[in-house]
Amino acid sequence: MENEKERLHVVMFPWLAMGHIIPFFHLSKCLAQRGHRVTFISTPRNIERVVNKVPSDLAPLLHIVSFPLTKVENLPNDAESSMDIPYQKAQFLKIAFDLLEIPLTNFLESSSNPKPDWIVYDYASHWLPQIAGKLGVSRAFFSLFTAATMSFYGPPWALLNDERSIPEDYTVIPKWIPLETKVVYRLHEIKKNFEAPVDESGTSDGVRFGASIDGSDVILFRNCVEFEPEWFSLVSELYQKPVISIGVLPPSVVENEKFDSNDTTWLGIKNWLDKQNQDSVVYVALGTEATLNQEELNELALGLEKCGLPFIWVLRDQPIHNQEDSRLQLPDGYEDRVKNRGVIYKGWVPQTKILSHSSVGGFLTHCGWNSVIEALCFGRVLIMFPVLNDQGLNTRLLQEKGVGVEIPRNEKDGFFTSDSVAEAVKFGVVSEEGELLRANARQMSGLFGDRKRNEELIDDCVGYLMENRISISK
Ligand SMILES: O=c1ccn([C@@H]2O[C@H](COP(=O)(O)OP(=O)(O)O[C@H]3O[C@H](CO)[C@@H](O)[C@H](O)[C@H]3O)[C@@H](O)[C@H]2O)c(=O)[nH]1
């Protein structure tokens, strides 16, 4: 870009979770590709995980800044993201995250060459808008949640006042939603969100969300407006400030072709997938935060065995809460019994590449929003198994839109059986009755995977950031 005035400097500051760092980094690359400067801030281990993959042509514009975390009691030494800890310990990670306020303030104060125009931030840094505002940096809250989820969470006043205090409050439609909808939590889902000791960090997630929205100049949504038009209109009304959809940031599976030849995990998976029939494989993955207990793991495993379809299962290998030395075990003899038909991975896999493979017929997912986007970009039907966070709300929305089938569970305690897993998987992936769901999901690839439209939305967003920098926050 010849004229420096035409160039933005945007600071990106995601929450410490892979499902947040990945899309923030994706947006960073999109901005740098358009000739703007980006400073991406995270912690050393997270940077090593995702961010060291800066394409060489973008390196002059995309700067990575690393802030080490301060040691916090009850947080394991090497824990830097929600994937490193059981979800019940998330509040300890938030204590460490909140201590980044000082290095972030120092960075914003001293960064003058060029001074940042915008900071794009996440829900957890409730303290950030005030600091950025004082320093004359414009503030964009980046929502990695659907407009339906954010509408359900509510306008800033409801969030800041922690309007809902017990799990049951989240199982009914809140008063600010005038729509007829089933988008509410089931009791067992919301109870999980209450398991983390909220008071440990001194700030509830409601207050974090409320202050982040309230203190922003604009709210950016990673969503598909055509998929949830009614919710997008509602959320814009609830916030009473500019709300912009930046599209879904569809994953690009070609960009890593060179890298692929060294990626032995992918080569192994691809080799196996290449041997399977088209649309026959169930891909099973529950993201980076959801965990199962031993009984749930057994039922899920046996359900996959009973469904009779080939599957790839990515299993999070992490300590059990309060039994840090124990790991969950698959049922006795399981891996031998499913050999050749089922493949189980315990490390990090290239999820988007797997979903893009033509042998994949369906995705048994926790319905994290990244996973849903990735699945719908490739038109894969969803077998839905929400666990915590926004996942239950996403599941209800996706069910209303007819792109997936939910594994039935007991409302109160979440109990489910292997038979219900097997039935839901077969219904979604191979049954005649499930064809409508599969057709709807295939159709979604035209919306979610529409690269031209998604690129235009980023261009529009950049236009907005150019026109509204600094002055808007004064
Ligand atoms: O082996 C793996 C595991 C994960 N991923 C990627 O990691 C991301 C996971 O994101 P998501 O599917 O959204 O799940 P979570 O990591 O659990 O995401 C958290 O963040 C999401 C966005 O806010 C929320 O919707 C979820 O409920 C919350 O748990 C996706 O891009 C996956 O492709 C991989 O590539 N390989």
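Both ligands and their constituent atoms are indexed starting at 1 by order of listing.
Using a 4.0 Å cut-off between heavy atoms, E289 contacts ligand 1 through both its backbone and its side chain. Counting heavy atoms under 4.0 Å from ligand 1, residue H20 touches it through the side chain alone. By the criterion of a heavy-atom distance under 4.0 Å, the side chain of F145, and not its backbone, is placed next to ligand 1. With a heavy-atom cut-off of 4.0 Å, V349 touches ligand 1 through backbone and side chain alike.
Annotation for K241: atom NZ counts as buried by contact number, over 12 foreign heavy atoms lying within 6.0 Å. More than 12 heavy atoms of other residues, nucleotides or ligands sit less than 6.0 Å from atom CD of E101. In K270, the NZ atom is not crowded: 12 or fewer heavy atoms of neighbouring residues, nucleotides or ligands sit closer than 6.0 Å.
Using a 3.5 Å distance cut-off with no hydrogens or angles, the side chains of T149 and D390 do not pair a donor with an acceptor. For the residue pair Y170 and E189, no side-chain donor N or O sits within less than 3.5 Å of a side-chain acceptor on the partner.
For ligand 1, the atoms lying closer than 4.0 Å to a non-hydrogen atom of L144 are 22 (C), 23 (O). The contact set between ligand 1 and N389, taken as ligand atoms under 4.0 Å from a residue heavy atom, comprises 27 (O), 28 (C), 29 (O). For ligand 1, the atoms closer than 4.0 angstrom to any heavy atom of S371 are 11 (P), 12 (O), 13 (O).
Protein heavy atom at the shortest distance from atom 8 (C) of ligand 1 is I22 CD1, 4.0 Å. Considering only non-hydrogen protein atoms, atom 3 (C) of ligand 1 sits nearest to W348 CZ3, 3.5 Å. What sits closest to atom 16 (O) of ligand 1 on the protein, heavy atoms only, is T288 OG1, 2.5 Å. Protein heavy atom nearest atom 18 (O) of ligand 1, with residue, atom name and distance: G19 CA, 4.1 Å.
Side-chain atoms of Y283 and R380, non-hydrogen and from C-beta on, never get closer than 4.5 Å to each other. Between L330 and L315, the closest side-chain pair of non-hydrogen atoms falls below 4.5 Å.
Residue nearest to atom 11 (P) of ligand 1, selected from N370, D390, L355: N370 (by heavy-atom distance). Taking all heavy atoms of E374, K346, H26, Q391 into account, the minimum distance to atom 33 (O) of ligand 1 is reached by E374.
Contact annotation: H366 has at least one heavy atom less than 4.0 Å from an atom of ligand 1.
Judged by the 6.0 Å distance and 45° axis criteria, R49 is not positioned over the aromatic ring of F25.
Here F13 and F142 keep their ring centres 6.0 angstrom or further from each other.
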